[in-house]
Amino acid sequence: MKEVWRKLLCKNIELQLVGTLNGGQSFRWKKILKDDKDEWVGVFRNKLWILQQEEDYILYKVLGGSDKSENSEQTLRDYFQLDLKLEDHYPIWSEKDPYFKEAAKQFYGIRILNQEVTENVFSFICSSNNNISRISSMVEKLAKFYGKEICEYNNEMYYAFPEVENLADDSVEKKLRDNGFGYRAKYINRTAQIIVENGGKKWLEKLRNMEYIDSKKNLMTLTGIGAKVADCICLMSLGHLQAIPVDTHIYQIAKRLYMPKLHQQKTVTDKIYNEIGDHFRELYGPLAGWAHTVLFCADLKKFQGNNEKEDTNTKPKKKNKK
DNA sequence: TTTTGGCCTGACGG
DNA sequence: ACCGTCAGGCCAA
């Protein structure tokens with residue numbers, strides 16, 4: 001069953017894989033080197049996807065699916081929301097904001113992924129007070145413990161993200177706590193139970209058709225979901241592209257560049273949180289969440305200091321201990 | 001309404 | 001070796 005590469009026409013200014021898949025939106029993608037090429041390997045919509053970035057197109061393979069009737073190109077286009085043309089929007093955002101314009105030079109082709117809401121909810125409950133590498137390992141554990149096997153690739157097994165029902169069992173909290181989830185174990189288990197009581201995945205999907213603010217309020221009734229996590233979910237899996245998740249990065253950026261009056265402000269109160277969001281919504285308009293993500297990526301990369309070579313403008317990190 | 005600690009864990013620097 | 005701090009917050013008081 002040798003799968004062949006398929007081609008999705010798409011210029012790299014419309015989609016930059018590294019910035020989009022490695023920018024803290026999804027925690028399930030990783031870059032591997034295979035046959036001397038960079039491949040992005042990740043799971044979504046219950047399948048394993050392998051992607052390669054070329055100049056004017058994306059090469060892709062889908063593994064672990066049985067029905068051939070499905071239109072995988074359409075699934076991919078939907079995941080990356082390719083109908084929205086960045087070519088139309090980057091110039092507008094650049095005109096409104098010189099800092100955006102500067103960030104956009106390196107961070108072109110940054111897309112908001114249209115993620116599955118269940119995965120998004122539980123991934124971002126894991127994200128609180130946490131760092132990306134640990135969040136990733138926690139999400140992998142959720143999939144491995146409670147998700148279905150998809151297939152093996154490159155000597156590794158990949159798993160679908162679990163159904164809510166499987167995270168709602170009473171045994172889940174202890175298992176997760178024993179596996180290093182800390183206080184988030186309870187939030188995950190309890191939130192799964194509440195969602196099931198509310199009607200399961202369907203309840204989550206209904207949030208897409210509500211107004212942004214109502215959708216957010218509903219999410220915040222779940223345990224472990226405050227304003228920031230709710231905004232992440234609104235933006236990344238419910239189509240509310242005006243949502244602005246204000247995390248510490250965005251808070252620092254806002255303070256430094258956009259809202260100097262916050263200079264003395266120590267903590268992010270609800271009021272300040274909303275002011276920051278409103279500021280960016282007024283600046284960028286109805287797709288503010290998308291635009292802000294470009295700023296976020298630029299800031300994130302500065303501190304992460306990239307994985308390999310192309311890391312020129314940050315101080316060298318000595319990391320090769322063994 | 002706003003502000004403060006406490007919470008799990010692991011990596012890092014002094 | 002050991003401690004304080006930080007990492008994409010949330011919650012209860």
Side-chain angles (χ1 to χ4, degrees), chain A residues 19-29 107 110 112-113 115 119-142 172-192 194 216-237 243-256 262 264-277 280 289-290 292-305 307 314-322:
Chain A
T20 300
L21 300 179
N22 207 15
Q25 294 186 56
S26 167
F27 302 98
R28 299 211 69 192
W29 288 96
F107 297 92
I110 302 297
I112 301 291
L113 299 170
Q115 299 187 67
E119 174 175 334
N120 213 225
V121 163
F122 293 101
S123 296
F124 279 88
I125 289 175
C126 292
S127 78
S128 82
N129 210 1
N130 208 346
N131 58 65
I132 291 179
S133 71
R134 188 155 76 110
I135 301 165
S136 302
S137 83
M138 287 159 89
V139 175
E140 287 313 312
K141 281 179 194 171
L142 288 179
V172 169
E173 180 182 345
K174 180 174 188 325
K175 168 103 170 168
L176 295 183
R177 199 165 262 276
D178 291 344
N179 279 276
F181 281 64
Y183 59 84
R184 302 167 196 86
K186 190 186 196 62
Y187 293 159
I188 289 169
N189 194 196
R190 186 72 196 111
T191 282
I194 297 172
K216 180 172 173 179
K217 276 182 195 157
N218 273 287
L219 287 168
M220 288 175 68
T221 64
L222 303 170
T223 58
I225 299 186
K228 187 268 177 181
V229 169
D231 274 330
C232 286
I233 298 164
C234 282
L235 175 64
M236 299 174 191
S237 60
I244 308 279
V246 180
D247 58 26
T248 60
H249 293 271
I250 291 301
Y251 178 55
Q252 295 305 325
I253 293 173
K255 199 153 75 163
R256 196 172 70 242
L262 298 180
Q264 297 276 37
Q265 187 74 27
K266 285 229 185 298
T267 58
V268 184
T269 63
D270 286 355
K271 186 163 172 264
I272 300 294
Y273 185 99
N274 290 323
E275 280 181 24
I276 294 173
F280 284 112
W290 198 308
H292 119 287
T293 299
V294 178
L295 296 181
F296 177 78
C297 283
D299 198 65
L300 189 62
K301 283 300 185 287
K302 252 187 322 204
F303 293 106
Q304 259 181 202
N307 345 4
T314 55
K315 48 186 174 179
K317 40 169 194 151
K318 34 193 169 170
K319 217 190 162 168
N320 293 329
K321 278 287 137 144
K322 63 168 135 206

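Everything numeric in this text was worked out from a predicted model, so none of it was measured. Labels below follow one simple rule: chain letters A, B, ... track the order of the sequence lines, proteins then strands, and each chain is numbered from 1.
- No engagement by A/Thr267 is indicated, since no non-hydrogen atom pair under 4.0 Å with the nucleic acid exists.
- Distances were taken from every side-chain heavy atom of A/Lys271 (C-beta onward) to each of B/dT2, B/dC8, C/dG8; the shortest belongs to B/dT2.
- Per the geometry, CD1 belonging to A/Ile135 stands 14 Å off C1' belonging to B/dA11, to the nearest Å.
- Looking at which nucleotide of DNA chain C each of A/Phe296 and A/Tyr187 is closest to, the 5′-most match is held by A/Phe296.
- Distance CZ (A/Phe181) to C1' (C/dC10): 17 Å, rounded to an integer number of Å.
- The main-chain N or O of A/Leu235 is never found under 3.5 Å from a side-chain atom of A/Trp290 such that the two would form a donor-acceptor pair.
- The distance from atom CZ of A/Phe124 to atom C1' of C/dG9 is 13 Å, rounded to the nearest whole Å.
- Summarising the geometry, the separation between CZ on A/Arg184 and C1' on C/dG8 is reported as 11 Å, rounded to the nearest angstrom.
- Using P as the reference atom, C/dG8 and B/dC7 are 22 Å apart when rounded to the nearest Å.
- Spacing between atom NZ of A/Lys141 and atom C1' of B/dG10 amounts to 11 Å, rounded to whole angstrom units.
- If you measure from atom CD of A/Glu173 to atom C1' of B/dC7, you get 13 Å, rounded to the nearest angstrom.
- Here the C1' atom of nucleotide C/dC10 and the CZ atom of A/Arg190 are 16 Å apart, to the nearest Å.
- A/Lys141 NZ: more than 12 foreign heavy atoms inside a 6.0 Å radius.
- Rounded to whole Å, the distance from CG on A/Asp270 to P on B/dT2 is 7 Å.
- Two residues are said to be in side-chain contact when any heavy atoms from C-beta on lie closer than 4.5 Å; A/Glu119 and A/Ser237 fail this criterion.
- Pair check for C/dC6 finds B/dG10; Watson-Crick or G-U wobble, both atom distances under 3.5 Å.
- Contact of A/Arg134 with B/dC8 (side chain to base): a donor-acceptor pair of N or O atoms is detected under 3.5 Å.
- In terms of polar N and O atoms assigned as donor or acceptor, the side chain of A/Tyr183 comes within less than 3.5 Å of the base of C/dG9 in a complementary pairing.
- Counting atom types as modelled, A/Lys228 pairs a side-chain N or O with a base atom of C/dG8 as donor and acceptor under 3.5 Å.
- Between the side chain of A/Arg134 and the backbone N or O of A/Asn131 there is no donor-acceptor pair closer than 3.5 Å.
- Side-chain atoms of A/Ile125 and A/Ile225, non-hydrogen and from C-beta on, do get closer than 4.5 Å to each other.
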